[in-house]
Amino acid sequence: MLRNAVRSFWAEPRAPEAPRRVWRDWVLVGLLLPTAVLEGIFRDHLVWRPVAILLGVAVVLALLWRRTAAFAVVAGVFGTLILLNVVTLLSDKESVGLYMMICVILLPYSLFRWGSGREIAIGLVFVLGALALGLAADPTGLVDSIFGSMFLLFPATVGAAVRYRTSSRVRELDQVRLREREQLARELHDTVAHHVSAILIRAQAGRIVAASDPAAAMDALSIIETEASRTLAEMRVMVAGLRQDEAAAMAPQPGVADLEQLARGSRLHVDVELSGDLDDLGPSVGAALYRIAQESITNAVRHARAATRVDVRVAGSVDQVRLTIQDDGEAGSAGPVGYGLVGMTERAALLGGSFEAGPGPDRGWTVEAVLPKAAR
């Protein structure tokens, strides 16, 4: 088990989407760069002053690449510190370095936050090596050495914790998207299955009642029957793995016409209004509208403080349909929370539409989805 854990850590890739540089980086460099120069010029009893100033400036500039090239920066900075500490030990002189170089504590954080498992392991060797040689070159006592080591390594712990939390969040979001895709696939399967079943029944009936040109009709109907049966069987096999041992739904998936049912059993008054052309909605679009409305009403019941009603408006136009759900809860009260928003956004995006949610203009929470009538 330990060996597998080590292998997994060693093979872990870099954290994705590491930001290159943000405004805080330029502010940090703008503050540290003149500090390094001024300390190098005016500090008394500084050993190898030009070297100290050059090293301080190089460390400050290296901070700009501490996320995108975490290992290279850590290896370069701490490798240089190792070399200087070795020279200090051999020459029996005071340590070379500026007080402002305390900024190197940012590098272990960046290494553990953005580096790969292999880079973290090797980079940690550089950090510990520089730490050990630094304590040997400038001994400050046992207590100070312990606290100094903790001070240097604590950012690494924070970086690892932030990385783990972010990775957990990403995995949870992926699970939400996976469940939403599964639900959509099931609904598409069930809808198409009903249509294919109807084709199959028609083909079977056509074989019986064919009157003119019986041979040609029988051949055509036989082909229709064969293809419909094969399509239905292949689709059932393809989606069976997504059902998680659930029985196949025997009724059509709910759609816009079933929105009135959402008002039943709810402690809030749900007012549904349908307008415009809604006759030619695709089955998957109708099911998505129903699911988004269902999730939004559920969230209003759970989270909207002092809410008494929820208005559901569905308006169809030539090529798209707009769904708007708004509750009358208190201003600033939480609307859809958790991962429901992620699922609804994913469902709308999969169908080629858009989804927005946020506080209403006056009070409550507003959800709006715009979907094409035919899913893309």
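This structure is a prediction, so every number in the text was calculated from the model and none was measured. Residue numbers count from 1 along this sequence.
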Item to check | Leu32-Trp26 co-clustered via ILVMFWY side chain contacts under 4.5 Å | outcome: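 Same cluster: Leu32 reaches Trp26 through Ile, Leu, Val, Met, Phe, Trp or Tyr contacts under 4.5 Å.
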Checklist entry - Does a sphere of radius 6.0 Å around CZ in Arg14 hold more than 12 heavy atoms from other residues, nucleotides or ligands, not counting ones at 6.0 Å or beyond? => result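 At most 12 heavy atoms, drawn from other residues, nucleotides or ligands, come within 6.0 Å of this atom.
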Residue pair [X] / [Y], side-chain heavy-atom distance below 4.5 Å:
| X | Y | answer |
| --- | --- | --- |
| Val127 | Leu153 | yes |
| Asp311 | Ile325 | no |
| Leu268 | Ile297 | no |
| Val256 | Leu323 | no |
| Val272 | Leu274 | yes |

Side-chain ion pair, [X] and [Y], N-O less than 4.0 Å:
| X | Y | result |
| --- | --- | --- |
| Asp327 | Arg309 | no |
| Glu12 | Arg163 | yes |
| Asp25 | Arg20 | no |

Which atom pairs, one a donor and one an acceptor, fall under 3.5 Å between side chains of residues 97-116 and the rest of the protein, sequence neighbours left out?
from   : atom 1 : to     : atom 2 : distance (Å)
Ser110 : OG     : Leu106 : O      : 3.2
Ser116 : OG     : Glu119 : N      : 3.3
Ser116 : OG     : Glu119 : OE1    : 3.4

Next on the checklist: Can you confirm if the NZ or CZ of Arg21 lies within 45° of the ring axis of Trp65 and under 6.0 Å from the centre of its six-membered ring?
Outcome noted: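 Yes, a cation-pi geometry holds between Arg21 and Trp65.
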Checklist entry - So Arg171 and Ser168, side chain to side chain donor-acceptor pair (under 3.5 Å) or not? Walk me through it. => result CA-CA 5 Å; Arg171 285 194 295 269; Ser168 299; 3.3 Å; yes
Checklist entry - Would you say Arg66's side chain and Leu63's backbone share a donor-acceptor pair under 3.5 angstrom? => result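 Yes: the side chain of Arg66 pairs with the backbone of Leu63.
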Item to check | Short side-chain to backbone donor-acceptor contact, Lys373 and Ser317, under 3.5 Å | outcome: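 Such a contact is found between Lys373 side chain and Ser317 backbone.
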Checklist entry - Passes side chain to side chain contact (heavy atoms under 4.5 Å, CB included), Asp271 versus Arg313? Steps please. => result CA-CA 8 Å; Asp271 182 38; Arg313 303 288 181 262; 3.1 Å; yes
Next on the checklist: Between Val270 and Leu259, is the side chain to side chain contact (heavy atoms under 4.5 Å, CB included) condition met? List the steps.
Outcome noted: CA-CA 10 Å; Val270 180; Leu259 288 176; over 6 Å; no
Next on the checklist: Which heavy atom of Ala357 sits nearest to which heavy atom of Val367, and what is that distance?
Outcome noted: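 The answer is CB-CG2, 4.1 Å.
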Item to check | Atom of Phe126, atom of Phe78 and distance for their closest heavy-atom approach | outcome: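 Taking every non-hydrogen atom into account, O-CB, 3.8 Å.
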Next on the checklist: Restricting to side chain to side chain donor-acceptor pair (under 3.5 Å), what partner residues turn up for Glu356, sequence neighbours left out?
Outcome noted: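 Glu356: no side chain to side chain donor-acceptor pair (under 3.5 Å) contacts found.
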Next on the checklist: For the CD atom of Gln294 and the CE atom of Met344, what is their distance to the nearest 0.5 Å?
Outcome noted: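 Going from CD on Gln294 over to CE on Met344, the span is 11.0 Å.
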